[in-house]
Each structure stands twice: as structure tokens, then as C-alpha cells.
Amino acid sequence: MDVLEAIKGRRSIRVFKSQNVSAEIIDKLIDAARWAPSAGNIQPWDFIVVRNPEIKRRLAEAALGETFIEEAPVVIVVCANENRSSQGYGIRGKTLYCIQDTAAAIQNIHLAAYSLGLGTCWIGAFGEEEAREILNIPHGVRPVAIVPVGYPSEAPSPPSRRLINQIVHYETF
Ligand SMILES: Cc1cc2nc3c(=O)[nH]c(=O)nc-3n(C[C@H](O)[C@H](O)[C@H](O)COP(=O)(O)O)c2cc1C
């Protein structure tokens with residue numbers, strides 16, 4: 001699929017078919033994620049692949065009760081490894097680069113999933129400490145996004161975007 005087509009055609013999907021998603025496909029998504037750019041090529045990301053219904057249910061609860069999370073056959077929790085980034089770049093690595101790098105990886109997952117006919121949604125609204133406890137995530141590693149993955153059972157229309165001339169500045173702000 002053409003990159004621009006993927007960028008523009010991808011939508012957040014919040015209704016999924018019950019059809020399973022194979023391990024091979026999840027591997028492809030993680031493979032796409034690990035090819036994201038990262039500061040100093042540190043690759044400060046970790047991925048937790050969840051299929052267990054009880055763990056998915058608890059994650060949905062931690063995410064303000066967004067039940068569509070548990071309805072997806074697979075959930076990928078993407079984490080930013082602050083330890084790895086701070087070893088290379090100190091406080092800037094810990095507070096900025098590792099989040100930027102991980103966001104790029106999350107976007108790759110979304111675009112790759114869309115190109116494979118899957119639906120995803122970037123969930124940022126969740127209790128970080130709750131997610132940490134549910135998934136046994138060590139300190140120094142931050143869960144950044146919960147990404148439910150499944151075959152889409154809806155085709156939402158594109159939400160509007162700010163116009164280019166509202167967001168671009170030339171030469172100075
Ligand atoms: C950082 C971030 C956090 C988000 N958190 C949530 C969320 O908690 N729940 C949700 O349903 N969607 C969430 N979204 C999805 C946005 O609502 C969605 O991307 C936006 O409305 C644009 O729609 P589109 O993805 O279909 O283009 C989040 C997206 C981003 C990038």
C-alpha cells in the first residue's frame with residue numbers, strides 16, 4: 001500500500017470482529033514498530049502482547065472502562081524504556097526522546113496494521129500505575145499506549161483536520 005494512502009486512510013477503530021489475529025501478523029506489526037527511527041538508534045521500546053481475556057478485561061477497566069479494548073482479539077501495550085534512553089542521553093533521553101521514539105513505533109504499528117486490513121486504536125487514557133501492576137512492568141519502563149488490534153467491524157468517516165494554513169508558519173513562528 002502507498003504510504004500516503006495508509007497515512008490518510010487509517011482510522012481509529014473501536015469495534016472489532018471476533019476473528020482472531022495470527023501470531024505471524026502480530027510479529028509483522030512488531031517488526032514494523034522496531035524499524036521506527038529512534039534517538040541514537042537506542043530503540044527504547046518494549047511491547048507486551050496480550051491475548052488473555054482476564055488481562056484484557058483488567059486493562060479495559062484501567063482505561064476508564066473502554067470495553068472495546070477487551071473485545072479486540074489482541075492488545076499490544078507499548079512501553080517506553082526510560083532506563084535505556086537515559087543511559088544514552090540523560091534527562092532529555094528519559095523525558096523526551098524515549099517518548100518520541102515510542103510514539104513513532106506506535107504510529108508504525110497503526111500504519112502497518114491498516115495496510116494488512118486490521119484496525120487499531122491508540123489508547124492513551126489509562127491509569128499508568130494500574131497498567132504497570134496488571135502487566136508487572138518494572139520501574140524505569142513506562143506503558144505509553146494500549147493498542148487493541150483486530151479486524152475492523154466499523155468504517156468511521158475521517159474526523160476533520162486543522163487546515164494547513166492554520167498550523168504552518170514560515171521562517172519564524
Ligand atoms: C496520544 C493519543 C491518545 C489517544 N487516546 C485515546 C483514548 O484514550 N481513547 C480513544 O478512544 N482514542 C484515543 N486516541 C485516538 C484519537 O481519538 C484519534 O486518533 C483522533 O480522534 C483522530 O481520529 P483518527 O485516528 O481516526 O484519525 C488517542 C490518540 C492519540 C494519538
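When a ligand or atom number is given, it counts from 1 through the structure's own listing order. Worth knowing before you read on, the calculation uses all heavy atoms, side chains too, and leaves out hydrogens, waters and symmetry mates.
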S.K.: Look at R142 together with E128 and state whether they make a salt bridge at an N to O cut-off of under 4.0 Å.
M.R.: yes
S.K.: Under a 4.5 Å cut-off applied to non-hydrogen side-chain atoms, are I76 and V149 in contact?
M.R.: yes
S.K.: For atom 10 (C) of ligand 1, what is the nearest protein heavy atom, given as residue, atom name and distance?
M.R.: R14 NH2, 3.6 Å
S.K.: Where does the angle between the aromatic ring planes of H169 and F173 fall among parallel (under 30°), tilted (30 to 60°) and perpendicular (over 60°)?
M.R.: parallel
S.K.: Could you tell me, atom by atom, which parts of ligand 1 come under 4.0 Å of a heavy atom of G124?
M.R.: 3 (C), 4 (C), 5 (N), 6 (C), 7 (C), 8 (O)
S.K.: Counting only N and O atoms by type, is there a donor-acceptor contact under 3.5 Å from the side chain of D101 to the main-chain atoms of Q43?
M.R.: no
S.K.: Using 30° and 60° as the class boundaries, would you call the ring planes of Y89 and Y97 parallel, tilted or perpendicular?
M.R.: perpendicular
S.K.: For ligand 1, which atoms have a heavy atom of E66 less than 4.0 angstrom away?
M.R.: 9 (N), 11 (O)
S.K.: With a heavy-atom distance limit of 4.0 Å, tell me whether C121 approaches ligand 1 through its side chain, its backbone, both, or neither.
M.R.: side chain
S.K.: Determine if the distance from atom 21 (O) of ligand 1 to the closest protein heavy atom is below 4.0 Å.
M.R.: no
S.K.: Examine the proximity of ligand 1 to P159 and report which part, side chain or backbone, both or neither, has a heavy atom under 4.0 Å away.
M.R.: side chain
S.K.: I26 and side-chain contact (heavy atoms from CB on, under 4.5 Å): which single residue from I109, L118, V74 fits?
M.R.: V74
S.K.: Among all protein non-hydrogen atoms, which one is nearest to atom 1 (C) of ligand 1, and what is the separation to 0.1 Å?
M.R.: W122 NE1, 3.4 Å
S.K.: Considering only the protein, which heavy-atom contact is closest to atom 26 (O) of ligand 1, and what is its distance?
M.R.: S12 N, 2.8 Å
S.K.: Are R161 and ligand 1 in contact, using a heavy-atom cut-off of under 4.0 Å?
M.R.: yes
S.K.: Under the side chain to side chain donor-acceptor pair (under 3.5 Å) rule, what pairs show up with a residue in residues 55-77, not counting sequence neighbours?
M.R.: E54-R57, R57-E61
S.K.: May I ask whether H110 has any heavy atom positioned less than 4.0 angstrom from an atom of ligand 1?
M.R.: no
S.K.: In Å, rounded to the nearest 0.5 Å, how long is the span from CD of E129 to CD1 of I137?
M.R.: 9.5 Å
S.K.: Only heavy atoms of A125, strictly under 4.0 Å: list the atoms of ligand 1 that pass.
M.R.: 8 (O)
